[in-house]
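Hydrogens, waters and symmetry mates are skipped; everything else that's a heavy atom, side chains included, is used.
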Amino acid sequence: MSAKVLRLGDFLKMVYEALEILDRMREVGVTPSSSAMTILFRLLLRVGDYGSVWKLLRGMIREGPRPCNFNFNVIILCFCQKGYVRIGESLLYVMQKFSCQPDVYTYNILISGYCTRGRTSDALGVVHLMIKNGCKPSLVTFNIVINAFSKQGNMEEARKIFEGIQEVGLSPNVEMYNTLMNGYFKASDVDQVNILYEEMRNRGLAPDGSTFNILFAGHCKYGREEDSHRLLRDLSYLGFLPDCSLYDITVAGLCWAGRLGEAMEFLEDMLEKGIPLSVIAFNSVIAAYSRAGLEENANRAYKVMAMFGLVPSSSTCSSLLLGLSKNGRLQEARGLLHMMIEKGFPINKVAFTVLLDGYFKAGDITGAHSLWHEMEARGIYPDAVAFSAFIDGLSKAGLLEEAYDAFLDMSRKGFVANNFTYNSLIHGFCKCGKLHEALKLEREMRQKGLLPDIFTINIIINGFCKEGRMKAAIDVFTDMHRIGLTPDIVTYNTLIGGYCKVFDMVGADEFLNKMYASGWDPDITSYNIYIHGFYSTRKTSQAVMMLDNLIAVGVFPDTVTYNTMLNVVCTDILDRAMILTAKLLKMAFVPNVVTTNLLLSHFCKQGMPEKTLLWGQKLSEISFTFDKVSYKIMEKAYIKVQNKVKPLRATSAKSLFLDSLMYITYDYFRRISTNGKTSQDPQTN
DNA sequence: CTAGGGTTAG
């Protein structure tokens, strides 16, 4: 079911009908109220008819009502939301021309406009301007700026302003302490948080709900059990009652600490004992499971909640939506989003961003585009995160021109590109072989004062490795120390993979040793890279040895390991393949779409394209979700069958063997598609 | 809520 979107045509008609009504009022000598004018301004700004806004203002001067601060604030706010913060700022002078003095709200709108776009220095410029114009900044003003610096992780600046306001005789409020403590938590500076809390209490400021949430969540996340208990004691001493029960808090605490199983157990235990729980406890669990990509568990928690008659809230739905998006169940996710809108839940930019990312990750570019346009149609202004997700998705899809356009659009709307944005674009350029462009962007980000981070460097090293330019990759690796970056496990794995790609197993080993020397133990990815390296150099026994190795050192093999080994199995001589298969099957691996793809492609490669199509058919009968690669493989098989290209015929034994591997995989998916059928749309009554 | 390494395809 799709939600109703007001069509632009209808909307325009409405706006101009409203203007006609205004004219008629004027004709009969009725002066409209200021608030009526505000509504008209809002409508005109929404459709972008700035000419009429101007005309309306002049009409007000001639015939009243006199424009008030509020009228202007609405106009400035709109420009800020659309990204024209500069224009908003220039409207300050227009205001003064209409003999309106900008008030603290006006300035706060502008400051907030700059801050949400990461333009903290512009924001500080407005603060100075307001002081110069004789308007005293309020605590809110400073809070906006402190929050912006905290979000950027720039705690020194945040702190400086915090100290500064005290010098001018202002006393920080609870919100300000909350903001600062939140920032220090993000910077992992728990001690600083504790000091601030002490200070706040000594000043006689009482913690509020946000203080509690920030501190409790932070202490749980950092495993500071003592701190969280001390907080609870302190609050109960103050007579502070959190807006949920202690049981809810316990569940939330376990979730924040990442102890999800325990949280769910506790929940079920409470319910069994007949202790009532609120939506909050369930929301914590559902959110945590969804974030971890464990959508099945999230859904189970939701069902328990519904069974006990609890009505899902906006955040329940957002969390379920996150889980669905992460699992590629996009129709359901979009349906849920529309349902949320119909239920009147506030429009949720985060939910849109999550879904957008989901479409891209599933390779559904059309879906992503349609959602992006729907956002626009609904008047949701993408923020820096939404833009970054959009740019990243387009880059990964190889649509670099469009990604770059979005990047320009983002700066036009006043956002300062951050490392997320640049890294996504740089990755995109590397991916399609335009290393030169990638390096140009890296220079550009440095010129803009952004520091290339470990992500940037790893992306660039990977770019060189992909092209087999190991010398250049090593140069970047050597240079990263100079700019103060330490290689991490991804750096080493990337370089080891690079050597494997050029079949230089000696070079790979050399880097493996370097990795050990700098204190990193190989992880499952390192082993997978090695196994694939041995596979591509046809060193089957070495690949098997690696598998034994990784298990011996206690690393858990995953689906990628299984798939890579399956590749070995498919190309190996039959006797050895069967022994290896027996070994693999004992490990109870979970196949995925890549497993299916590689088996389908082996049929094709080994002269049995009709089997590719046959199994493809069988899989689609159980509504298996294929991806882009699956379709490419089947398309290729189809062409082969059509052209009757069949020079080599596989031995019937090998054919039977591949069939049995495919059957095992097919059977797995058949079983989960019949057991896992769930209906998870929340129903609110 | 957004960025990096490993499996299929090319």
Side-chain angles (χ1 to χ4, degrees), chain A residues 287 290-291 318-319 321-322 325-326 348-358 360-361 363 382-393 395-396 398 410 417-428 430-433 445 452-463 465-466 487-498 500-501 515 520 522-533 535-536 557-568 570 589 591-602 604-605 626-637:
Chain A
S290 297
R291 222 172 296 128
S318 299
S319 298
L321 196 136
L322 173 68
S325 299
K326 279 203 170 185
N348 190 337
K349 214 177 283 187
V350 175
F352 271 96
T353 308
V354 163
L355 190 51
L356 184 74
D357 191 52
F360 278 123
K361 294 235 158 83
D383 57 9
V385 177
F387 264 114
S388 290
F390 190 52
I391 290 168
D392 180 58
S395 296
K396 284 216 173 67
M410 179 176 172
N418 56 22
N419 280 25
F420 275 94
T421 338
Y422 271 105
N423 289 344
S424 296
L425 268 180
I426 292 173
H427 189 208
C430 282
K431 210 178 153 224
C432 63
M445 78 186 274
D453 54 20
I454 188 74
F455 284 81
T456 325
I457 296 302
N458 287 343
I459 290 165
I460 289 169
I461 290 179
N462 191 35
C465 285
K466 260 190 206 139
D488 64 3
I489 192 153
V490 177
T491 322
Y492 287 109
N493 283 342
T494 307
L495 282 159
I496 292 171
C500 285
K501 259 182 217 114
M515 176 170 159
W520 292 102
D523 63 1
I524 186 58
T525 303
S526 328
Y527 282 103
N528 288 338
I529 291 167
Y530 257 99
I531 293 174
H532 191 254
Y535 159 71
S536 55
D558 61 8
T559 301
V560 178
T561 323
Y562 175 61
N563 289 342
T564 314
M565 289 309 296
L566 215 52
N567 256 329
V568 175
C570 288
F589 282 107
N592 62 6
V593 63
V594 179
T595 319
T596 314
N597 289 348
L598 70 89
L599 287 172
L600 289 175
S601 103
H602 273 291
C604 204
K605 272 189 221 154
F626 294 110
D627 66 3
K628 266 195 309 222
V629 178
S630 326
Y631 294 114
K632 270 191 189 162
I633 294 165
M634 287 191 273
E635 204 178 277
K636 201 171 151 188

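- Between dT8(B) and Asn567(A), a contact under 4.0 Å exists linking OP1 or OP2 to a side-chain N or O.
- Side chains of Asn563(A) and Asn592(A): a donor on one and an acceptor on the other come within 3.5 Å.
- Looking at heavy-atom distances under 4.0 Å, Asp488(A) makes contact with a base.
- Judged purely by distance below 3.5 Å, without hydrogens or angles, the side chains of Asp558(A) and Thr561(A) pair a donor atom with an acceptor atom.
- Leu495(A) comes within 4.0 angstrom of nothing in the nucleic acid, heavy atoms only.
- Remark: C1' of dT2(B) and CD1 of Ile459(A) are 13 Å apart, rounded to the nearest angstrom.
- Within the 4.0 angstrom heavy-atom criterion, base atoms lie near Ser388(A).
- Distance Lys628(A) NZ to dG10(B) P: 14 Å, rounded to the nearest Å.
- The CG-P distance, from Leu355(A) to dC1(B), rounds to 15 Å in whole Å.
- Counting any heavy atom pair closer than 4.0 Å across all strands shown, Lys396(A) reaches sugar-phosphate atoms only and no base atom.
- In terms of heavy atoms, Ser424(A) sits closest to Ser388(A) at OG-O, 4.4 Å.
- For Asp357(A), whose side chain is taken as the heavy atoms from C-beta onward, the closest listed nucleotide among dA9(B), dT2(B), dT7(B) is dT2(B).
- Here dA9(B) presents its C1' atom at 14 Å from CG of Asn592(A), a figure rounded to the nearest Å.
- Contact annotation: Lys361(A) side-chain N/O to dA3(B) OP1/OP2 distance is under 4.0 Å.
- Rounded to a whole Å, the CD atom of Glu635(A) is 20 Å from the P atom of dT8(B).
- In Lys632(A), the NZ atom is not crowded: 12 or fewer heavy atoms of neighbouring residues, nucleotides or ligands sit closer than 6.0 Å.
- Within the nucleic acid shown, Ile454(A) comes within 4.0 Å of at least one base atom, counting heavy atoms only.
- Val354(A) comes within contact range of the sugar-phosphate backbone alone, with a heavy-atom separation under 4.0 Å but no base atom that close.
- Residue-level contact check: Lys431(A) touches neither bases nor backbone, having no heavy atom under 4.0 Å from any strand.
- The side chain of Lys326(A) places no N or O atom within less than 4.0 Å of a non-bridging phosphate oxygen (OP1 or OP2) of dC1(B).
- Here Ser601(A) does not reach the OP1 or OP2 of dT8(B): none of its side-chain N or O atoms lies under 4.0 Å away.
- Remark: C1' of dG10(B) and CE of Met634(A) are 17 Å apart, rounded to the nearest angstrom.
- Between Thr421(A) and the options Asn423(A), Asn418(A), Asn419(A), a side chain to side chain donor-acceptor pair (under 3.5 Å) holds for only Asn418(A).
- Phe360(A) and Phe390(A) have tilted rings, their planes meeting at an angle from 30° to 60° on a 0 to 90° scale.
- Of the listed nucleotides (dT8(B), dC1(B), dA3(B)), dA3(B) has the atom at the smallest distance from the side chain of Phe455(A).
- Regarding Lys636(A), its NZ atom lies at a distance of 8 Å from the C1' atom of dA9(B), rounded to whole Å.
- For dT8(B), the OP1/OP2 oxygens have a side-chain nitrogen or oxygen of His532(A) closer than 4.0 Å.
- Rounded to whole angstrom, the span from the CD1 atom of Ile531(A) across to the P atom of dT8(B) amounts to 13 Å.
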